[in-house]
Amino acid sequence: MAQCITCGSELHPDRAKKYNYCMAPECQEKNLKGLTMVAIGVNKSAEQYLILDEQTKDELASGKFADQRRGSFGTSVPSSSPPAATPASAATPASAATPATPATAVTPAPARPSPVRPRPAPSRPAAPRPAWTKSQEKLALLYNEQGLRPEEIAQKLRLSTYTVTQIILGSRNRGKL
């Protein structure tokens with residue numbers, strides 16, 4: 001029979017499959033660890049979160065969740081800045097060094113002006129945007145349901161306690177909590 005690593009009491013067989021400590025408040029306080037969540041797919045229609053464990057770390061490192069539509073991370077348009085110049089002695093061996101030639105400056109062709117379209121006047125002022133993202137809101141509500149205090153949630157999400165409180169109160173007012 002498995003025993004609690006803190007107090008030594010017997011563990012229920014079902015609990016021993018996953019945990020090595022009992023349900024006593026002292027044992028839980030000492031051994032309980034929070035879960036780290038990672039957003040792996042965030043877009044307009046759905047968001048996907050996973051618990052960050054060793055398997056998820058390995059899958060992230062292997063590129064399992066990389067965007068298949070892109071060849072690499074970042075922008076898909078090549079940058080217009082020239083590559084950094086390296087000294088000739090570092091770029092080629094000394095025996096193959098050739099005298100450096102001055103670089104010629106290439107002037108880009110002037111861009112054609114785009115036709116100016118008048119913007120329609122807004123019918124009413126735009127609503128102010130919240131100071132948090134949808135994913136931050138969802139995580140804050142999830143942490144709140146798990147019993148975390150606003151100060152703890154704010155620290156995890158790197159938001160102010162006031163902002164977290166506004167998220168929670170706003171969802172209560174909308175009837176989501």
Side-chain angles (χ1 to χ4, degrees), residues 1-81 83-84 86 90-91 124-177:
M1 187 60 110
Q3 293 182 337
C4 174
I5 61 168
T6 305
C7 67
S9 64
E10 287 186 10
L11 290 178
H12 189 274
D14 290 338
R15 180 154 181 86
K17 289 178 185 175
K18 195 169 182 182
Y19 302 99
N20 58 1
Y21 57 93
C22 67
M23 296 292 293
E26 308 85 41
C27 298
Q28 286 209 4
E29 186 176 327
K30 182 175 180 181
N31 298 300
L32 186 66
K33 295 179 182 84
L35 298 175
T36 303
M37 307 279 295
V38 61
I40 59 164
V42 180
N43 62 30
K44 292 179 183 176
S45 63
E47 296 176 357
Q48 185 176 0
Y49 298 97
L50 290 178
I51 296 173
L52 189 62
D53 56 5
E54 290 303 317
Q55 179 183 356
T56 308
K57 286 180 184 177
D58 293 341
E59 290 173 347
L60 284 169
S62 71
K64 178 178 179 182
F65 304 111
D67 191 348
Q68 301 298 320
R69 297 168 294 177
R70 292 185 181 179
S72 64
F73 291 108
T75 61
S76 58
V77 179
S79 71
S80 60
S81 63
T86 57
R124 58 185 143 146
R129 293 175 35 149
W132 58 85
T133 64
K134 274 289 194 195
S135 58
Q136 286 174 324
E137 179 177 348
K138 288 183 179 185
L139 279 173
L141 296 176
L142 180 81
Y143 287 139
N144 184 52
E145 288 176 14
Q146 291 177 350
L148 269 68
R149 296 188 322 267
E151 299 85 33
E152 297 168 326
I153 298 170
Q155 187 177 16
K156 283 183 177 273
L157 298 179
R158 294 189 177 119
L159 293 172
S160 69
T161 306
Y162 175 81
T163 303
V164 172
T165 306
Q166 292 302 308
I167 292 171
I168 295 168
L169 291 175
S171 66
R172 283 187 184 154
N173 291 341
R174 290 190 306 270
K176 291 187 177 181
L177 276 184

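The shown structure was predicted, so the numbers you read here are calculated from the model rather than taken from an experiment.
At distances below 3.5 Å, at least one donor-acceptor pair connects side-chain atoms of Glu152 with backbone N or O atoms of Arg149. Side-chain atoms of Gln136 come within 3.5 Å of backbone atoms of Thr133 as a donor-acceptor pair (strictly under, hydrogens ignored). No donor-acceptor pair closer than 3.5 Å links the side chain of Thr163 to the backbone N or O of Leu159. Of the possible polar contacts, none joining the Thr161 side chain to the Pro150 backbone as a donor-acceptor pair under 3.5 Å is found.
The existence of a salt bridge linking Glu137 and Arg174 is confirmed by a sub-4.0 Å separation between a basic side-chain nitrogen and an acidic carboxylate oxygen.
In this structure, Glu54 CD and Thr56 OG1 are separated by 9.0 Å, a value rounded to the nearest 0.5 Å. Atom-to-atom distance recorded for Met37:CE and Ser135:OG is 11.0 Å, nearest 0.5 angstrom. Separating the CG atom in Leu60 from the CD atom in Gln55 is a distance of 10.5 Å, to the nearest 0.5 Å. Taking CG from Leu148 and CD1 from Ile153, the interatomic distance works out to 5.5 Å, rounded to the nearest 0.5 Å. Note that CE of Met23 is 11.5 Å distant from OG of Ser9, once rounded to the nearest 0.5 Å.
The two residues Arg172 and Asn144 come nearest to each other via the heavy atoms NH2-ND2, 4.4 Å. Residues Ala140 and Ile167 approach most closely at CB-CG2, 4.1 Å, considering heavy atoms. Of all non-hydrogen atoms in Ile168 and Leu141, the two that sit nearest each other are CA-CD2, 4.2 Å. When all heavy atoms of Cys27 and Cys4 are compared, the pair lying nearest together is SG-SG, 3.6 Å.
Trp132 has its side chain out of reach of Leu157: every pair of non-hydrogen atoms, C-beta onward, lies at least 4.5 Å apart. The closest side-chain heavy-atom distance from Lys57 to Val38 is not below 4.5 Å. A heavy-atom distance below 4.5 Å is not found between the side chains of Leu11 and Gln3.
A cation-pi arrangement, defined by a distance under 6.0 Å to the six-membered ring centre and an angle within 45 degrees of its axis, is present between Arg15 and Tyr21.
Applying the side chain to side chain donor-acceptor pair (under 3.5 Å) criterion to Asn31, with sequence neighbours excluded, gives Thr6.
In Glu59, the CD atom is crowded: over 12 heavy atoms of neighbouring residues, nucleotides or ligands sit closer than 6.0 Å. Around the CD1 atom of Ile51, the shell of radius 6.0 Å holds no more than 12 heavy atoms that belong to other residues, nucleotides or ligands.
For the 3.5 Å distance criterion, the side chains of Glu151 and Gln155 fail to qualify, holding no donor opposite an acceptor.
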